[in-house]
Every structure is written in structure tokens, then in C-alpha cells.
Amino acid sequence: MRVAVVGATGAVGSTILGVMRERSFAADEIVPFASERSAGRTIAYGERAARASGRSQIGDGDLTVVALSEGAIAGFDLALFSAGSTISAEWAPKFADAGAVVVDNSSQWRMHDDVPLVVSEVNPDALDGHRGIVANPNCTTMQTVMALGPILQAAGIERVVMSSYQAVSGTGQRAVEELHQQAEAVIEAQELPAPTVYPHQIAFNVLPQVETFKDGDDYTTEERKCMRETSKILGRDDIGVSATCARVPVFTGHSVSANVQTRDPLSPDECRQLLGGAPGVTVIDDPANGLYPTALDAAGRDDVLVGRIRRDPSHERCLNLWIVGNNLRKGAATNAVQLAELLHVRGLLRATRA
Ligand SMILES: NC(=O)c1ccc[n+]([C@@H]2O[C@H](COP(=O)([O-])OP(=O)(O)OC[C@H]3O[C@@H](n4cnc5c(N)ncnc54)[C@H](OP(=O)(O)O)[C@@H]3O)[C@@H](O)[C@H]2O)c1
């Protein structure tokens with residue numbers, strides 16, 4: 001199988017390479033694509049990803065970065081995209097027309113009717129209907145639906161109120177550097193460099209804005225994604241979803257507080273049991289002994305961590321949950337690679353080429 005990784009030098013792309021290597025992905029050839037700026041650079045198959053996701057494992061085998069161009073896109077079976085929406089809008093259809101199935105990490109195609117939006121453990125069968133492009137959900141949505149999916153199956157869901165505490169690596173490499181530089185300046189009592197990625201200082205601060213307030217909307221684009229994508233993945237537009245997304249000075253690992261109103265009664269113990277048996281979810285829930293998931297616990301992990309499972313005292317059918325996920329791994333790269341594996345195993349890579 002020939003695989004293109006588009007955006008291979010970025011935070012998500014380099015993690016994709018690392019995850020492919022860790023999972024011994026069945027590729028005969030991997031071609032890393034990025035912009036002209038990176039063309040000709042060699043990147044280690046796995047090294048940078050290991051560092052970004054908090055693992056100590058060092059990869060080997062250098063790959064040479066290729067600039068995205070019309071002449072370079074033929075002959076791929078699969079293309080994993082993480083180069084932003086503008087690149088996906090232009091280049092994903094070109095790769096698909098040239099015979100590849102695209103798994104796209106950007107928000108460009110997620111809400112298109114003929115593009116499945118898939119979390120491998122929650123709605124894998126949605127892949128069957130793909131027409132050349134498959135979308136990987138937004139990272140915050142991804143980790144939240146990993147917990148909501150089993151609850152929906154067991155007890156139904158009427159409404160979800162979610163509040164996120166999102167790491168800077170969710171914005172990309174430049175944001176990671178911005179937090180580093182600002183934190184260093186504060187600690188060394190130096191003048192802070194002006195923020196260039198975020199509208200305000202992120203070091204030692206919390207910003208109630210993730211992405212932008214588009215066209216005068218009072219919800220951000222990230223909040224809109226969380227609300228719309230949750231409904232699409234769960235296949236239910238009758239579930240009320242309300243989201244507030246905040247950016248916090250954490251390098252990697254998003255945290256979500258979710259208030260979930262079920263249709264049928266579900267006790268905290270039943271919920272713990274249910275999520276404890278759900279694929280890709282680990283319950284860490286012994287608060288009396290200081291055990292609950294933190295963002296740092298998500299480093300290097302693919303499973304979504306859930307704790308603080310408790311009854312909402314204001315509503316008998318509401319539970320509160322604390323959900324932590326690695327935004328670069330399950331929130332992006334790992335799910336993309338899992339979808340690629342499913343497409344391969346289910347014979348869905350060739351389906352569109354016929
Ligand atoms: N970070 C997350 O946690 C996360 C989670 C889910 C989804 N996503 C989505 O994944 C995408 C990438 O995010 P990221 O955080 O990895 O961003 P990033 O670190 O800024 O990386 C962007 C990548 O795109 C490449 N690129 C930029 N302009 C290009 C061009 N003109 N032609 C070809 N390649 C180009 C860059 O190559 P150069 O190095 O050559 O500039 C780099 O490889 C975004 O759509 C983002 O919304 C991110």
C-alpha cells in the first residue's frame with residue numbers, strides 16, 4: 001500500500017507517522033508531504049512524534065519531505081491529511097480523484113453529507129458509505145463521544161453540556177512555541193513577546209476563546225464544531241448539545257467537563273461499569289485517594305480517560321463526568337490511523353477506485 005501523509009512536519013502529521021510506526025501499519029511506502037518550506041528535509045519515521053506525544057520511544061528510518069504538487073500525487077492508495085482546511089479543500093479531492101482514499105483531520109469536509117465523520121470505536125460502520133474522503137472529528141468532540149457513545153447505547157441521551165480546557169498543541173506547533181516563550185519570559189521576569197498565535201497572553205492564563213467568533217456569532221467555531229459534530233457522529237440530531245471551549249496553558253491533553261442528561265436512569269456506578277468495559281476508554285475514578293484523570297496522564301496514551309463520575313444533584317437523570325484525551329493521538333493521529341486500518345481491513349480502499 002502507498003500512503004501519503006500530507007502535513008507530515010506538523011504536530012498532527014508527525015504524530016501520525018509515529019502512530020503508524022508503533023502499530024506496524026501495513027504500508028509499502030510512505031511519502032511525507034508538506035509545504036515548499038520543508039521540501040527536501042528528512043524526518044525520522046517516529047522520532048518527533050514520540051516526543052510530541054510524551055513517549056520515549058525513538059523511531060528510525062528517515063523519510064524525505066516532498067512539496068505538495070500536481071505531479072506528485074498519483075498512485076496512492078491512502079492519503080492522511082493534516083495540513084489545515086485550505087489545503088484539504090484544494091488537495092483532498094485531487095488525491096481522491098487520483099485514486100486514494102483521504103482521511104482528513106481538518107474541519108473542511110466534516111459536515112458534508114457525503115463525507116462520513118467517524119470515530120473508530122463509536123460509528124465505524126459509517127465508513128461503508130464513503131466516496132473518497134473520510135473525516136476525522138475535532139479532537140474535543142472525539143474524546144467526548146468516546147464516553148457518550150456507550151452511554152447513548154445503554155441509557156439514551158437527551159442533553160449534554162460540555163466545557164473544555166484545551167491544550168495549546170491543539171492549535172499546532174507555533175502555539176506550543178508561543179507558550180514556551182511566554183512562560184520563560186514570565187519566569188525570568190523579562191518583557192513578554194507580543195502574542196502572535198492567540199489574541200491574549202496564554203502563559204498563566206485561561207482564554208474563553210478557542211478559534212474564532214465567525215460572522216458575529218457569539219459561539220466560537222470550535223464550540224460550533226463540538227455541537228454539530230457530536231450530533232453527526234452519534235447519528236442523533238435530537239440530542240441537545242451546548243459547548244463552551246477554553247484554552248489553557250497546557251502543552252498536550254484536552255480536558256472536558258460533561259454534564260450528561262440520560263433518557264433512562266443511570267447511576268454513577270452503572271456508568272463506571274459501562275465505561276470501564278468500553279473499548280478505548282479507561283476509568284480512573286477514586287477521588288478520595290486523589291485518583292482522577294489529568295491532562296498529563298494523557299501523555300503518550302491513546303485511551304480516553306474518564307473520572308469524577310457523579311450524580312448531578314440538580315437533576316436525577318444527569319451525571320457529571322471529567323473526560324481527558326490526548327488531542328494529538330486519539331484526538332487526531334491515532335483515530336486517523338485506526339480509520340485507515342479499518343478501510344484497509346474492510347476492503348474499502350479499493351471500493352472507490354473501481
Ligand atoms: N493539533 C491538534 O491537536 C489537532 C487535532 C485535531 C485536528 N487538527 C487539525 O489538523 C490540521 C493540522 O494541525 P497541526 O496542529 O498539525 O498544524 P501544524 O503543526 O501547524 O502543521 C501544519 C502542517 O501543514 C503543512 N502545510 C502548511 N501549509 C502547507 C502548504 N501550503 N502545502 C503543504 N503543506 C502545508 C505544514 O508544513 P510546513 O512544516 O512545511 O509548514 C505542516 O506539516 C489542522 O486542520 C487542525 O485543525 C489538529
Side-chain angles (χ1 to χ4, degrees), residues 4-19 31-43 48-49 51-54 63-70 72-73 79-92 94-95 102-110 117-119 135-145 164-179 196-197 210-212 220-222 225-226 229 245 247-248 250-256 295 298-299 302 324-337 339:
V5 176
V6 180
T9 54
V12 174
S14 57
T15 308
I16 286 177
L17 290 173
V19 171
V31 179
F33 286 93
S35 74
E36 290 284 357
R37 292 179 291 275
S38 309
R41 254 182 64 192
T42 54
I43 48 174
R48 193 141 152 244
R51 274 195 277 125
S53 62
L63 301 172
T64 302
V65 177
V66 175
L68 207 45
S69 73
E70 301 274 357
I73 66 171
L80 301 172
F81 266 65
S82 62
S85 295
T86 310
I87 299 295
S88 289
E90 182 182 351
W91 290 92
K94 290 183 179 175
F95 269 87
V102 173
V103 178
D104 183 34
N105 269 291
S106 81
S107 57
Q108 174 62 32
W109 301 101
R110 289 179 190 151
L117 180 66
V118 188
V119 179
N136 214 35
N138 162 274
C139 39
T140 310
T141 309
M142 183 100 68
Q143 68 187 62
T144 307
V145 298
S164 71
Y165 305 72
Q166 300 186 211
V168 296
S169 59
T171 315
Q173 297 286 22
R174 284 181 53 237
V176 171
E177 282 150 29
E178 181 151 302
L179 173 56
T196 57
V197 177
V210 176
E211 298 196 345
T212 57
T220 60
T221 47
E222 180 80 351
K225 285 182 213 169
C226 287
E229 292 182 25
C245 296
R247 187 73 67 188
V248 294
V250 164
F251 285 113
T252 297
H254 291 351
S255 305
V256 171
D302 285 322
V324 173
N326 187 316
N327 52 295
L328 292 173
R329 291 185 65 94
K330 183 60 190 175
T334 302
N335 195 67
V337 175
L339 297 188

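Just follow the structure's listing: the first ligand is 1, and inside any ligand the first atom is 1.
- Residue S38 holds the heavy atom nearest to atom 38 (P) of ligand 1 of all those in S107, S106, S38.
- At a heavy-atom cutoff of 4.0 Å, ligand 1 is contacted by the backbone of S169 but not by its side chain.
- Per-atom contact check: atom 40 (O) of ligand 1 touches the protein, criterion being a heavy-atom distance below 4.0 Å.
- The shortest contact between atom 30 (C) of ligand 1 and any protein heavy atom is with I87 CD1, 3.3 Å.
- Considering backbone and side-chain N/O of G7, one or more are found under 3.5 Å from N/O of ligand 1.
- There is a protein heavy atom closer than 4.0 angstrom to atom 12 (C) of ligand 1.
- Checked by distance only, ligand 1 and V12 come closer than 3.5 Å through their nitrogen or oxygen atoms.
- The protein atom (non-hydrogen) at minimum distance from atom 42 (C) of ligand 1 is T9 OG1, 3.4 Å.
- Annotation: salt bridge (charged side-chain N to carboxylate O under 4.0 Å, His left out) contacts of K225 (sequence neighbours excluded): E211, E222.
- Atom 5 (C) of ligand 1 has A332 CB, 3.6 Å as its closest protein atom, hydrogens excluded (heavy atom only).
- Inter-residue side-chain proximity for T171 and R247 is flagged as met; some heavy-atom pair is nearer than 4.5 Å.
- Side chains of T42 and V65 form no contact here, defined as non-hydrogen atoms less than 4.5 Å apart.
- How far OG of S169 is from NE2 of H254: 6.5 Å, rounded to the nearest 0.5 Å.
- Residue A8 has at least one heavy-atom neighbour below 4.0 Å for each of these atoms of ligand 1: 43 (O).
- For atom 28 (N) of ligand 1, the nearest non-hydrogen atom of the protein is R37 NH2, 3.6 Å.
- Taking any N or O of S35, backbone or side chain, at least one lies under 3.5 Å from an N or O belonging to ligand 1.
- Evaluated for a side chain to side chain donor-acceptor pair (under 3.5 Å) with T334, the options T15, N136, D302, N326 yield exactly one hit, D302.
- The N/O atoms of G10, backbone and side chain alike, include one that comes under 3.5 Å of an N/O atom in ligand 1.
- There is no side-chain donor-acceptor pair under 3.5 Å between S106 and Q108.
- From the protein, the heavy atom lying nearest to atom 47 (O) of ligand 1 is N105 O, 4.6 Å.
- For ligand 1, the polar-atom distance check against T171 finds no nitrogen or oxygen pair separated by under 3.5 Å.
- Of the N or O atoms in L328, none lie within a sub-3.5 Å distance of an N or O in ligand 1.
- With a 4.5 Å cut-off on side-chain heavy atoms, E70 and K94 count as touching.
- The nearest protein atom to atom 15 (O) of ligand 1, hydrogens excluded, is given as G172 CA, 3.2 Å; this is a heavy-atom distance.
- Atom CH2 of W91 is separated from atom CG of L68 by 4.5 Å, given to the nearest 0.5 angstrom.
- Set against the non-hydrogen atoms of G84, the atoms of ligand 1 under 4.0 Å away are 11 (C), 44 (C), 45 (O).
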